[in-house]
Amino acid sequence: QVHLVESGGGLVQSGGSTTLTCTASGRTFSDYAMGWFRQAPGEGREFVTCIDWSGGHTYYRDSVKGRFTVSRDNGAKTVYLQMNSLKPEDTAVYFCAAKETSNQGTILTLYRYDYWGPGTQVTVSS
């Protein structure tokens with residue numbers, strides 16, 4: 001089992017940047033692909049990005065490509081989401097999630113992830 005906790009976020013001006021951090025505890029972190037998802041008020045949860053166990057393969061939803069960057073440090077059991085050029089439509093609760101898999105392909109974007117953090121709010125003011 002993996003326990004995840006997100007940190008970072010808060011209130012950011014449009015065009016600004018912030019970094020979210022997700023720290024894991026429990027089983028071997030490198031056994032897991034990691035994903036970031038978000039849920040805006042009144043909307044369903046949506047995929048944002050994911051990274052394979054090695055950190056060598058990353059995937060993004062189209063609306064964040066070129067603005068968001070996901071990375072991980074397996075030694076620190078941490079995954080990061082660097083968010084630049086933020087827009088009001090990026091406002092949401094952001095969740096990190098873990099999926100035990102060695103896969104590295106685009107299937108990572110389709111998986112049902114097994115473990116979830118409680119989420120952290122990101123609000124982008126216009």
Side-chain angles (χ1 to χ4, degrees):
Q1 190 169 359
V2 176
H3 181 65
L4 304 172
V5 178
E6 304 92 343
S7 60
L11 179 63
V12 185
Q13 287 190 332
S14 181
S17 299
T18 193
T19 299
L20 304 184
T21 300
C22 174
T23 302
S25 61
R27 293 185 58 186
T28 304
F29 187 62
S30 58
D31 285 346
Y32 296 85
M34 299 298 296
W36 285 98
F37 296 77
R38 66 187 181 186
Q39 186 167 15
E43 302 290 333
R45 188 168 58 195
E46 64 180 18
F47 167 83
V48 176
T49 180
C50 62
I51 185 167
D52 79 305
W53 68 272
S54 72
H57 296 77
T58 59
Y59 304 95
Y60 299 89
R61 70 178 298 109
D62 287 346
S63 63
V64 307
K65 285 180 181 177
R67 300 190 298 122
F68 289 13
T69 302
V70 62
S71 60
R72 66 189 294 161
D73 181 340
N74 285 344
K77 294 187 175 182
T78 301
V79 61
Y80 306 96
L81 180 62
Q82 172 70 42
M83 303 189 291
N84 299 325
S85 302
L86 282 162
K87 305 175 181 180
E89 52 263 42
D90 294 317
T91 294
V93 177
Y94 283 73
F95 302 89
C96 72
K99 173 67 179 180
E100 186 173 6
T101 179
S102 58
N103 283 331
Q104 297 177 308
T106 56
I107 193 171
L108 296 178
T109 68
L110 302 175
Y111 275 143
R112 181 176 180 177
Y113 280 65
D114 299 316
Y115 302 100
W116 294 82
T120 187
Q121 176 72 45
V122 175
T123 302
V124 184
S125 62
S126 57

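Computed from a prediction, not measured in an experiment: that's the story for all the values here.
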Quick one, Arg38 and Val48 - any side-chain contact, counting heavy atoms below 4.5 Å?
yes
Non-hydrogen atoms of Gly119 and Val93 that approach each other most closely
CA-CG1, 3.9 Å
Rounded to the nearest 0.5 Å, what separates atom OG in Ser14 from atom CD in Glu89?
8.0 Å
Verify side-chain contact (heavy atoms from CB on, under 4.5 Å) between Phe29 and Val2, making sure each step is shown before the conclusion.
CA-CA 8 Å; Phe29 187 62; Val2 176; 5.6 Å; no
Report the relative orientation of the aromatic rings in Tyr115 and Tyr32; use parallel for angles under 30°, tilted for 30 to 60°, perpendicular for over 60°.
perpendicular
Thr120 (side chain) donor-acceptor with Gly8 (main chain) under 3.5 angstrom
yes
Point-to-point distance, once rounded to the nearest 0.5 Å, from CG of Asp73 to OG1 of Thr21
11.0 Å
CZ of Arg72 to OG of Ser30: how many Å apart, nearest 0.5 Å?
7.0 Å
List the atom of Val124, the atom of Thr91, and the distance in Å for their closest heavy-atom pair.
N-OG1, 2.9 Å
Report the distance from atom CD1 of Ile51 to atom CD of Gln104, rounding to the nearest 0.5 Å.
11.0 Å
According to a 4.5 Å side-chain heavy-atom criterion applied to Ile, Leu, Val, Met, Phe, Trp and Tyr, with indirect links allowed, do Ile107 and Phe47 form part of one hydrophobic cluster?
yes
Could you check Thr69 against Tyr60 for side-chain contact (heavy atoms from CB on, under 4.5 Å), going step by step and ending with a plain yes or no?
CA-CA 9 Å; Thr69 302; Tyr60 299 89; 3.9 Å; yes
Mind telling me whether Tyr59 and His57 have parallel, tilted or perpendicular rings, with 30° and 60° as the class edges?
parallel
Intermediate values then yes/no, side-chain hydrogen bond (donor to acceptor under 3.5 Å, both in side chains), Gln82 and Thr19:
CA-CA 4 Å; Gln82 172 70 42; Thr19 299; 2.4 Å; yes
Salt-bridge contact Asp90-Lys87 (side-chain N to carboxylate O under 4.0 Å)
no
Say you draw a straight line from OG1 of Thr23 to NE2 of His3; how long is it, rounded to the nearest 0.5 Å?
10.0 Å
Separation between NZ of Lys77 and CZ of Arg27, rounded to the nearest 0.5 Å:
11.0 Å
Is there side-chain contact between Leu11 and Gln121, with heavy atoms separated by less than 4.5 Å?
no
Check for me, please, whether Val64 and Tyr80 land in the same ILVMFWY cluster - side-chain distances under 4.5 Å, paths through other members count.
no
So, for Asn103 and Thr101, which heavy atoms are closest and what is the spacing to 0.1 Å?
N-OG1, 3.0 Å
Testing the basics here: between Phe37 and Ala97, what is the closest heavy-atom pair and its distance to 0.1 Å?
CE1-CB, 4.0 Å
Minimum heavy-atom separation for Pro88 to Ser126, with atom names?
CG-CB, 3.8 Å
Indicate yes or no: at least one non-hydrogen side-chain atom of Leu4 is less than 4.5 angstrom from one of Met34.
yes
Give the intermediate values and the outcome of side-chain contact (heavy atoms from CB on, under 4.5 Å) for residues Tyr94 and Glu6.
CA-CA 8 Å; Tyr94 283 73; Glu6 304 92 343; over 6 Å; no
I'd like to check Leu108 versus Tyr113 (side-chain heavy atoms, cut-off strictly below 4.5 Å). Are they in contact?
yes
Should Leu81 and Trp116 be counted in the same cluster of Ile, Leu, Val, Met, Phe, Trp and Tyr side chains packed under 4.5 Å apart?
no
Do Phe68 and Trp36 have ring centroids that are under 6.0 Å from one another?
no
